[in-house]
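One structure follows; several queries about it will come next.
Here the structure is a predicted model, which is why all the values come from computation and not from measurement. Values below: every heavy atom of this structure, side chains too, minus hydrogens, waters and symmetry copies. The sequence lines fix the lettering, A, B, ..., with proteins before strands; numbering per chain opens at 1.
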Number of protein chains: 2
Amino acid sequence: MGLRERKRRATSRSIQRAVLELSRDKGLDNVTVDEISRRADVSPRTFFNYFSSKESAVLGESPFSLKSADVQTFIAAGPGQPIFDGLLVIMRSMAETDDHDLEMHQLRKMVVRDYPHLLVQRITSMHEFELELTGAIEERLVTDARQGASGTEIPDQAVISERARLIAMVSIATMRHAWARWAAAAETQSMSTLLTHSFRELQTLL
Amino acid sequence: MGLRERKRRATSRSIQRAVLELSRDKGLDNVTVDEISRRADVSPRTFFNYFSSKESAVLGESPFSLKSADVQTFIAAGPGQPIFDGLLVIMRSMAETDDHDLEMHQLRKMVVRDYPHLLVQRITSMHEFELELTGAIEERLVTDARQGASGTEIPDQAVISERARLIAMVSIATMRHAWARWAAAAETQSMSTLLTHSFRELQTLL
DNA sequence: TCACATTCTTGCGGTGTCTGCAACAATTGA
DNA sequence: TCAATTGTTGCAGACACCGCAAGAATGTGA
């Protein structure tokens with residue numbers, strides 16, 4: 001990792017730390033980009049080279065993308081495994097790729113607790129992720145249908161698409177539930193545990 | 001209804017019509033508040049007296065609030081009725097209170113189709129509604145538990161709260177699914193039908 | 001070490017959103 | 001018709017965000 005890359009990360013971290021500390025002290029609404037930049041020792045223009053808004057600086061990059069290995073496993077898990085179990089595995093795997101900076105993690109939690117719309121916004125911006133997930137689920141459903149009891153009809157493609165979309169939305173809602181608990185909890189619980197809990201709860205509903 | 005009130009509605013309508021037509025013609029991103037105001041024949045300052053942003057002008061007011069009669073029915077529907085059936089009834093009732101202006105309805109659909117994040121934003125910004133709904137579900141769960149088989153344990157309040165939150169999130173996700181289908185469909189299908197469809201689909205998942 | 005390409009930072013100027021304020025106009029109610 | 005209420009508007013200003021181009025820092029190859 002070259003010097004350039006290291007500096008880039010340092011700057012990004014510095015900006016995030018600045019916005020988080022300022023938000024903790026005076027509330028995100030009362031913090032301006034100028035202020036953040038001043039504290040982070042960069043120009044306001046540079047701030048926008050790193051983040052597209054104050055909000056995204058609070059939440060960090062968070063590359064919500066599925067690992068293709070996970071997706072393959074999920075699709076192949078066959079009709080035997082309940083589909084939500086498979087989705088839980090995927091989401092736990094995503095959560096593992098978590099921030100290992102405990103201090104910022106805690107700061108972020110405090111800010112998110114005061115500004116819940118941040119989480120909402122983040123979820124909103126996951127449209128792309130939702131599409132990816134829907135695609136994966138769709139493939140899984142098709143695979144399942146082919147391997148199903150030979151007597152059963154293979155549903156129409158349109159029906160499968162709709163179902164996949166609904167499953168994606170429901171599991172994202174469940175992920176959101178786990179996130180909300182994470183932000184609300186005083187002690188730091190692992191995202192993995194919370195996800196498992198929420199998905200188990202989901203199973204009991206259906 | 002006095003003159004004042006009538007004028008107010010006319011202005012609101014005029015602004016909405018302006019933003020919708022301009023969005024259709026050149027895309028919401030390329031439309032400024034100045035332009036909207038000019039076309040609606042109000043000052044830009046007045047625009048912000050009516051709507052807090054371009055986006056909310058596109059979607060209109062949409063007072064997402066539960067009717068207390070519906071809520072009472074839902075809570076009392078007892079352990080016999082599946083809870084998601086009760087929620088479907090509530091949401092259908094909300095959808096009835098729909099916009100009866102067909103033309104704007106269609107325009108809105110077109111804009112939403114081009115800018116899906118609008119719907120997502122609206123739905124996720126329903127935090128207040130989500131809380132209301134969670135509260136109702138919580139009461140229902142408590143009522144159900146009391147009337148349940150006497151042998152079964154009444155769950156902890158915290159457990160019930162979490163479950164209620166999850167149910168609320170999942171049903172909102174389902175409502176979103178129905179909405180997305182509404183926006184995607186070429187022909188105008190009634191929201192009520194779409195909701196029924198999505199909830200039925202949900203039942204099959206669980 | 002030197003030249004050159006790549007990438008990053010920064011200042012500048014500009015557009016657009018959104019708000020508070022105070023003057024003025026329209027509506028209402030008595 | 002008078003006074004209270006409510007609505008509209010212009011103005012000034014804070015702030016977010018973006019394109020551009022100059023210059024600084026870093027990377028690369030000889």
>> Assuming nearest nucleotide by heavy-atom distance, tell me which of B:Ser53 and A:Ser43 is located more 5' along DNA chain C.
In response: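 With B:Ser53 and A:Ser43 compared, the 5'-side residue is A:Ser43.
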
>> Applying the side chain to side chain contact (heavy atoms under 4.5 Å, CB included) criterion to B:Phe74, which one of B:Thr143, B:Ile137, B:Val89 satisfies it?
In response: B:Ile137

N/O-N/O pairs, protein side and nucleotides 27-30 of chain C side, under 3.5 Å:
unit_1	atom_1	unit_2	atom_2	d
C:dT27	OP1	B:Lys7	NZ	2.5
C:dT27	O3'	B:Arg4	N	3.4
C:dT27	O2	B:Arg4	NH1	3.4
C:dT27	O2	B:Arg4	NH2	3.3
C:dT28	OP1	B:Leu3	N	2.7
C:dT28	OP1	B:Arg4	N	3.0

>> Distance alone, cut at 3.5 Å: any donor-acceptor contact between the side chains of B:Gln16 and B:Arg108?
In response: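 B:Gln16 vs B:Arg108: donor-acceptor pair found between side chains.
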
> Atom CZ of A:Phe47 and atom P of D:dC18: how far apart are they, to the nearest Å?
Replying inline: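 It is 11 Å, rounded to the nearest whole Å.
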
> Any luck finding a side-chain donor-acceptor pair between A:Ser192 and A:Arg92 under 3.5 Å?
Replying inline: yes

>> Ring centres under 6.0 Å, that's the criterion: do B:Trp182 and B:His105 meet it?
In response: yes

>> Under a 3.5 Å threshold, yes or no: a donor from one side chain and an acceptor from the other, between A:Ser190 and A:Thr193?
In response: yes

> Of the nucleotides C:dT17, C:dT10, D:dG7, which one has an atom closest to the side chain of B:Arg8?
Replying inline: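 Minimum distance to the B:Arg8 side chain belongs to D:dG7.
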
> With respect to the side chain of B:Arg45, which nucleotide from C:dT19, C:dT10, C:dT17 is positioned closest?
Replying inline: C:dT19

> Do A:Ser14 and A:Thr11 meet the criterion of a side-chain donor-acceptor pair at a distance under 3.5 Å?
Replying inline: no

> To the nearest Å, how far apart are B:Glu55 CD and C:dG16 P?
Replying inline: 15 Å

> Which whole-number value in Å describes the distance from A:Leu28 CG to D:dC15 C1'?
Replying inline: 13 Å

> Separation of A:Asp34 atom CG from C:dC12 atom C1', in whole Å?
Replying inline: 14 Å

> Is the distance from OP1 or OP2 of D:dT8 to the nearest side-chain N or O of B:Thr46 less than 4.0 Å?
Replying inline: no

> Tell me: CG of A:Asp29 to C1' of C:dT17, nearest whole Å?
Replying inline: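 Whole-Å distance recorded here is 15 Å.
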
> When you check the phosphate oxygens OP1 and OP2 of C:dT9, does a side-chain N or O of A:Tyr50 lie under 4.0 Å from one of them?
Replying inline: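 Affirmative; the distance criterion is met.
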
> Is the closest side-chain donor-acceptor distance between A:Gln106 and A:Arg24 under 3.5 Å?
Replying inline: no

>> Measure CZ/A:Phe48 against P/D:dA16 and give the value in whole Å, please.
In response: 6 Å

> Taking atom P of D:dA16 as reference, at what distance in whole Å does atom CD1 of A:Ile15 sit?
Replying inline: 14 Å

> What integer distance in Å separates A:Asn49:CG from D:dG19:C1'?
Replying inline: 11 Å

